[in-house]
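See structure below.
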Protein chains: 2
Amino acid sequence: MEVSIARAAAQPDTPPLTERQEARRRRILHASAQLASRGGFDAVQMREVAESSQVALGTLYRYFPSKVHLLVATMQSQLEHMHGTLRKKPPSGETAAERVAETLMRAFRALQREPHLADAMVRALTFADRSVSPEVDQVSRQTTAIILDAMGLENPTPDQLSAVRVIEHTWHSALVTWLSGRASIAQVKIDIETVCRLIDLTSPRD
Amino acid sequence: MEVSIARAAAQPDTPPLTERQEARRRRILHASAQLASRGGFDAVQMREVAESSQVALGTLYRYFPSKVHLLVATMQSQLEHMHGTLRKKPPSGETAAERVAETLMRAFRALQREPHLADAMVRALTFADRSVSPEVDQVSRQTTAIILDAMGLENPTPDQLSAVRVIEHTWHSALVTWLSGRASIAQVKIDIETVCRLIDLTSPRD
DNA sequence: ATCAACTCTGAAACTTGTTCTAGATTACCG
DNA sequence: CGGTAATCTAGAACAAGTTTCAGAGTTGAT
């Protein structure tokens with residue numbers, strides 16, 4: 001029976017991966033991030049990823065059914081790493097809005113350090129079609145978790161969740177405009193601070 | 001001397017197009033929109049666009065240097081049309097926030113009628129790299145104009161412009177999540193209404 | 001009307017994502 | 001250990017975006 005390895009990482013019901021398979025998966029993601037860091041979305045060429053990670057092209061496709069899947073998975077892994085880093089130094093702002101803005105700007109500065117990698121991941125994310133929905137959703141959940149963390153909320157109201165979604169929208173889209181050179185870093189900062197005001201709007205009492 | 005026709009439409013300094021060239025350009029955009037309406041981004045194949053618009057492939061590329069350029073131009077032309085339509089029936093809301101939300105939801109419903117076309121245009125827009133910046137910027141300006149129109153503002157403050165940018169971010173990103181099936185129409189509506197509250201926040205006095 | 005420059009055409013070639021195949025390797029079960 | 005199903009490899013093949021080129025057609029200036 002054919003069982004795709006592709007979603008073994010996400011789906012809890014699929015058989016666990018062998019050690020060598022885990023290693024392959026890590027090698028692939030590493031190669032992907034490395035190539036992306038060099039030249040962005042276009043520099044991540046499937047043949048090169050396969051070669052760099054010492055895996056046959058067919059195998060690469062067995063692990064990640066498309067280039068977009070691969071890059072979204074790369075983003076997942078980077079996000080996890082970032083969430084861990086952010087946790088270590090919680091934001092210092094007084095209000096929830098300040099803390100969220102601070103956290104997002106910190107994340108933004110991290111992305112700035114590898115702009116090509118950011119480009120590849122964000123382009124993949126917004127270019128993803130329905131077949132990548134589960135993975136993109138996972139990224140979205142992770143982002144939501146980071147924002148809720150910064151807000152320090154346990155049980156957000158629907159109103160607050162909507163605000164968080166809007167913040168995420170702004171975050172992604174601002175990132176896109178910055179990456180394509182249509183907005184400055186200062187502008188991104190202002191936009192993030194602006195949208196974060198919504199938080200105060202949705203929780204008048206603390 | 002070689003002069004690219006591609007940006008003749010946008011750049012005011014390039015020589016004007018012949019009538020036959022205008023006609024070619026229109027045929028191309030029409031074919032692009034038609035194919036996009038049928039099957040979205042993937043269905044817009046350059047060879048097919050060329051054939052449908054009775055133009056050689058090389059000519060198509062002379063007019064639009066890439067598929068993304070073509071689709072962004074398609075979006076420009078659709079947006080112009082929509083701006084005209086929206087102007088005819090101004091939104092009825094009391095507050096600026098209500099009017100903007102109403103306008104955007106109206107635009108959203110228009111896109112819903114041709115979801116494949118919307119998909120093609122939005123995917124192209126967010127996938128566009130730096131080489132398409134001028135064209136994407138033009139689309140952004142057009143969108144800004146629509147929103148400012150709905151607000152009924154002549155001289156927006158910097159604060160208000162930032163709010164408008166955030167609204168645009170939300171609008172694009174919400175559209176993307178809806179198109180990829182990760183958000184319902186109801187959710188898009190809520191998010192747009194949520195972000196529009198920012199308008200009231202930035203203009204305490206009328 | 002004529003010439004030079006520019007534009008368009010048709011077709012082939014090239015690039016990179018994706019799929020397919022046949023045969024080696026590996027993992028697991030008894 | 002032996003057998004079998006799943007997995008991996010190398011490489012060819014295919015698809016669609018993009019580039020290139022030689023020749024035919026247009027255009028605009030003189």
Side-chain angles (χ1 to χ4, degrees), chain A residues 1-8 14-25 27-28 31-32 35-36 39-74 120 123-124 127-129 131-132, chain B residues 1-8 14-25 27-28 31-32 35-36 38-73 120 123-124 127-129 131-132:
Chain A
M1 167 76 92
E2 261 276 2
V3 173
S4 159
I5 277 191
R7 50 193 60 219
T14 40
L17 297 182
T18 324
E19 231 169 279
R20 305 184 57 193
Q21 288 179 320
E22 283 288 6
R24 270 191 207 101
R25 189 167 195 282
R27 285 207 306 280
I28 292 172
S32 163
L35 287 170
F41 189 88
D42 293 331
V44 180
Q45 302 196 353
M46 299 305 268
R47 282 173 243 262
E48 281 206 51
V49 172
E51 195 179 352
S52 297
S53 48
Q54 307 216 263
V55 137
L57 191 55
T59 306
L60 172 52
Y61 273 95
R62 174 177 260 281
Y63 280 70
F64 302 96
S66 77
K67 174 169 172 172
V68 168
H69 281 86
L70 170 58
L71 284 171
V72 170
T74 304
R123 296 262 292 286
F127 192 59
D129 66 0
S131 71
V132 204
Chain B
M1 170 71 92
E2 261 275 0
V3 174
S4 157
I5 276 191
R7 49 193 60 221
T14 40
L17 299 181
T18 324
E19 232 169 279
R20 304 183 58 190
Q21 287 179 320
E22 284 287 8
R24 269 191 208 102
R25 190 168 194 283
R27 284 207 308 278
I28 293 173
S32 164
L35 287 170
R38 243 199 266 321
F41 189 89
D42 294 331
V44 180
Q45 303 194 353
M46 298 305 267
R47 284 174 242 261
E48 281 205 51
V49 172
E51 195 178 353
S52 297
S53 47
Q54 308 215 262
V55 138
L57 191 54
T59 306
L60 171 53
Y61 273 95
R62 174 178 261 279
Y63 280 70
F64 301 97
S66 78
K67 176 169 171 170
V68 168
H69 281 85
L70 170 58
L71 284 171
V72 170
R123 296 264 289 289
F127 192 60
D129 66 0
S131 73
V132 204

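For the numbers below, each heavy atom of this structure counts, side chains included, while hydrogens, waters and symmetry mates do not. Convention: sequence-line order gives letters A, B, ...; per-chain numbering from 1. What you see is a predicted model; the values in this text were computed from it and never measured.
- Between the P atom of dC8(D) and the CD1 atom of Ile28(A) lies a distance of 9 Å, rounded to the nearest Å.
- Between Arg20(A) and dA27(C) there is a side-chain polar atom (N or O) within less than 4.0 angstrom of OP1 or OP2.
- Distance from the side chain of Thr18(B) is smallest to dT27(D) among dT27(D), dA27(C), dT7(C).
- Across the protein-nucleic acid pair, Phe41(A) atom CZ and dT16(C) atom P stand 13 Å apart, rounded to whole Å.
- Look at Tyr63(B) and you'll find a side-chain N or O under 4.0 angstrom from OP1 or OP2 of dC8(C).
- The nearest whole Å value for the distance from the CE atom in Met46(B) to the C1' atom in dG10(C) is 17 Å.
- Between Gln45(B) atom CD and dG17(D) atom P the separation is 5 Å, expressed in whole Å.
- Phosphate contact (OP1/OP2 of dG17(C), side-chain N/O of Arg47(A), threshold under 4.0 Å): absent.
- Between His69(B) and Tyr63(B), every side-chain heavy-atom pair lies at or beyond the 4.5 Å cut-off.
- Rounded to whole angstrom, the span from the CD atom of Glu51(A) across to the P atom of dT9(D) amounts to 13 Å.
- Which of dT16(C), dT7(D), dT9(C) sits closest to the side chain of Arg62(A) comes down to dT7(D).
- Judged by distance alone, the side chain of Ser66(B) and the main-chain N or O of Val68(B) form a donor-acceptor pair under 3.5 Å.
- When the nucleotides dT19(D), dT9(D), dA16(D) are ranked by their closest atom to the side chain of Leu57(B), dT19(D) comes out on top.
- Gln21(A) has no side-chain polar atom (N or O) that falls below the 4.0 Å cut-off from OP1 or OP2 of dT26(C).
- Put simply, Arg24(A) has a side-chain N or O that comes within less than 4.0 Å of OP1 or OP2 on dC8(D).
- Of the candidate nucleotides dT27(D), dT9(C), dC8(D), dT9(C) has the atom nearest to the side chain of Val55(B).
- Minimum atom distance to the side chain of Tyr61(B) is reached by dT18(D), of the listed dA16(D), dT18(D), dT18(C).
- Counting only heavy atoms from C-beta on, Ala56(B) has its side chain closest to dT9(C) among dT7(C), dG17(D), dT9(C).
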